Amino acid sequence: MTITDLKFIAGVDVAYWEVEGIEWGVCSIIVIDYATKVVIEETNSMGIIAVPYIPGYLAFRELALVIEAAKKLTHAPDLFMFDGNGYLHPRHMGIATHASFFLNKPTIGIAKSYLKIADAEFKMPENRAGSYIDIIINKEIYGKALRTHQGVKPIFVSCGNYIDLPTATTITEQLINSESRLPIPVRLADLATKRNRRLLRDL
DNA sequence: GCGACAG
DNA sequence: ATCTTGTCGC
C-alpha cells in the first residue's frame with residue numbers, strides 16, 4: 001500500500017442506545033477525499049446488538065453492522081480507519097484487523113484509550129503535538145501512543161492490516177485538524193453516529 | 001473475592 | 001459505550 005494511491009478514506013464508528021431492555025446500535029461510515037478532506041459519502045446501518053462488550057472482543061459486537069454499512073458504499077474507500085485497535089491487541093486481532101478480512105482493504109486502528117496487554121505499560125509521549133512513543137511488548141512494536149495536540153491525551157495508532165505502522169502513522173497525522181485529537185474520518189463518523197442515534201431513537 | 005477493562 | 005450541568009479555556 002502506498003500513500004500516493006490513496007483517494008478515498010473511510011472512518012467507521014458505532015453508537016448505542018437502549019429501548020425497553022433491548023440494546024440497539026447504529027454504524028456510520030464517512031468517506032472523505034484524502035487530498036481535499038471533503039466528505040464524499042455516508043452510509044449507515046442499524047440493528048439489535050446481541051453481543052455484550054467484552055474487552056478484547058469488540059469486533060464480535062460491532063462487525064455485523066460495520067459490514068452491512070460498508071456494503072451500501074458506492075465509492076469504494078482505499079482505506080478504513082476504525083474507532084478501536086488493530087494490531088495493538090492481546091491476539092493482534094483488534095476490530096481494525098478483524099474487519100480487514102471482510103473489507104479486503106487496508107485498515108488502521110485508532111483507539112482513544114489504552115487496552116492493557118500482558119501487564120505491559122507505556123510511557124506517556126511528551127506534551128507537544130506530534131510526539132509519540134512506540135508501544136513495545138516483548139521487543140515487538142504493537143503500535144504507538146501519538147499526541148496529536150498539545151495538552152490533550154494521546155491516541156493509540158496501530159496497523160489494522162495490509163499496511164505498515166509508519167505509513168499508518170503518516171496518514172493519521174495528515175488527517176488531524178484543530179477540531180479534534182482524532183483523525184477527521186473517525187471524528188466525522190463519531191458525530192454521524194450520534195446524529196443518527198438521535199433521529200432513530202426519537203422515532 | 002478483587003481489580004482491570006478498545007467501545 | 002452511555003447517563004448528564006455547569007464550567008474552564010482557546
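Numbers restart at 1 for each chain; the letters A, B, ... are given by sequence-line order, proteins then strands. All values reported here derive from a predicted model rather than from experimental measurement.
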Kindly write out the residues that satisfy ring-ring contact (aromatic ring centres under 6.0 Å, His included) with [X], not counting sequence neighbours, or none if the list is empty.
X      : value
A:F60  : A:H98
A:H75  : A:F8
A:F156 : A:Y114, A:F122

Checklist line | Which residues share a side-chain contact (heavy atoms from CB on, under 4.5 Å) with A:V38, sequence neighbours left out | finding: A:T36
Notebook entry, point to check: With A:T170, which residues qualify under side-chain contact (heavy atoms from CB on, under 4.5 Å), at least two apart?
Noted result: A:I3, A:Q174
Next item on the list: Tell me the stems DNA chain C sits in, counting at least three consecutive Watson-Crick or G-U wobble pairs, each under 3.5 Å on both distances.
Entry: none
Checklist line | Exercise: do A:N196 and A:T193 side chains pair donor with acceptor under 3.5 Å | finding: no
Margin query: For the residue pair A:T148 / A:E173, report whether a side-chain donor-acceptor contact shorter than 3.5 Å exists.
Written below: no
Margin query: Using a 3.5 Å distance criterion without hydrogens, assess whether the side chain of A:S45 forms a donor-acceptor pair with backbone atoms of A:L65.
Written below: yes
Check: Any donor and acceptor pair, going by atom type alone, linking the side chain of A:H89 with main-chain N or O of A:I117 inside 3.5 Å?
Finding: no
Check: Is the NZ or CZ atom of A:K144 both under 6.0 Å from the centre of the six-membered ring of A:Y132 and within 45° of that ring's axis?
Finding: yes
Next item on the list: Show the numbers, then the answer: is there a side-chain hydrogen bond (donor to acceptor under 3.5 Å, both in side chains) between A:T97 and A:N161?
Entry: CA-CA 5 Å; A:T97 308; A:N161 202 354; over 6 Å; no
Margin query: How about OH on A:Y57, more than 12 heavy atoms from neighbouring residues, nucleotides or ligands closer than 6.0 Å, or not?
Written below: no
Next item on the list: Taking Watson-Crick and G-U wobble pairs with both distances under 3.5 Å, convert DNA chain B into its dot-bracket string, 5' to 3', dots for unpaired and | for cross-strand pairs.
Entry: .......
Notebook entry, point to check: Near DNA chain C, which residues from residues 134-171 of chain A have a heavy atom under 4.0 Å away?
Noted result: none
Item checked: Nearest-Å distance once atom C1' is located in both C:dT2 and B:dC5 -> 16 Å
Notebook entry, point to check: Can you tell me how far P in B:dA4 sits from the matching atom in C:dC3, rounded to whole Å?
Noted result: 25 Å
Item checked: Which residues share a salt bridge (charged side-chain N to carboxylate O under 4.0 Å, His left out) with A:K37, sequence neighbours left out -> none
Margin query: Are A:Y142 and A:H92, when compared by the centres of their aromatic rings, separated by less than 6.0 Å?
Written below: yes
Next item on the list: Enumerate the residues from residues 77-99 of chain A whose closest heavy atom to DNA chain B is under 4.0 Å, giving them by residue number; use none for an empty result.
Entry: A:D83, A:G84, A:N85, A:H89, A:G94, A:I95
Notebook entry, point to check: Under 4.0 angstrom, heavy atoms only, what part of the nucleic acid is A:G25 near: base, sugar-phosphate, or nothing?
Noted result: nothing
Next item on the list: Please work out if A:Y57 contacts a base, only the sugar-phosphate, or nothing of the nucleic acid, heavy-atom cut-off 4.0 Å.
Entry: base
Notebook entry, point to check: Are A:R61 and A:E23 within salt-bridge range, i.e. N to O under 4.0 Å?
Noted result: yes
Item checked: Presence of salt bridge, A:K72 and A:E41, under 4.0 angstrom -> no
Next item on the list: Write down the atom of A:W24, the atom of A:I49, and the distance for their closest heavy-atom approach.
Entry: C-CG1, 3.8 Å
Margin query: Grouping I, L, V, M, F, W and Y whenever their side-chain heavy atoms are under 4.5 Å apart, do A:I163 and A:I155 come out in a common cluster?
Written below: yes
Item checked: Start and end of the DNA chain B segment that chain A contacts, any atom under 4.0 Å from a heavy atom -> B:dC5 to B:dG7
Under 3.5 Å, which protein N or O atoms sit close to an N or O of nucleotides 2-6 of chain C? Give each pair with its distance.
from	atom 1	to	atom 2	distance (Å)
C:dT2	OP1	A:Y16	N	3.4
C:dT2	OP1	A:R197	NH1	2.1
C:dT2	O5'	A:R197	NH1	3.3
C:dC3	OP1	A:R201	NH2	2.9

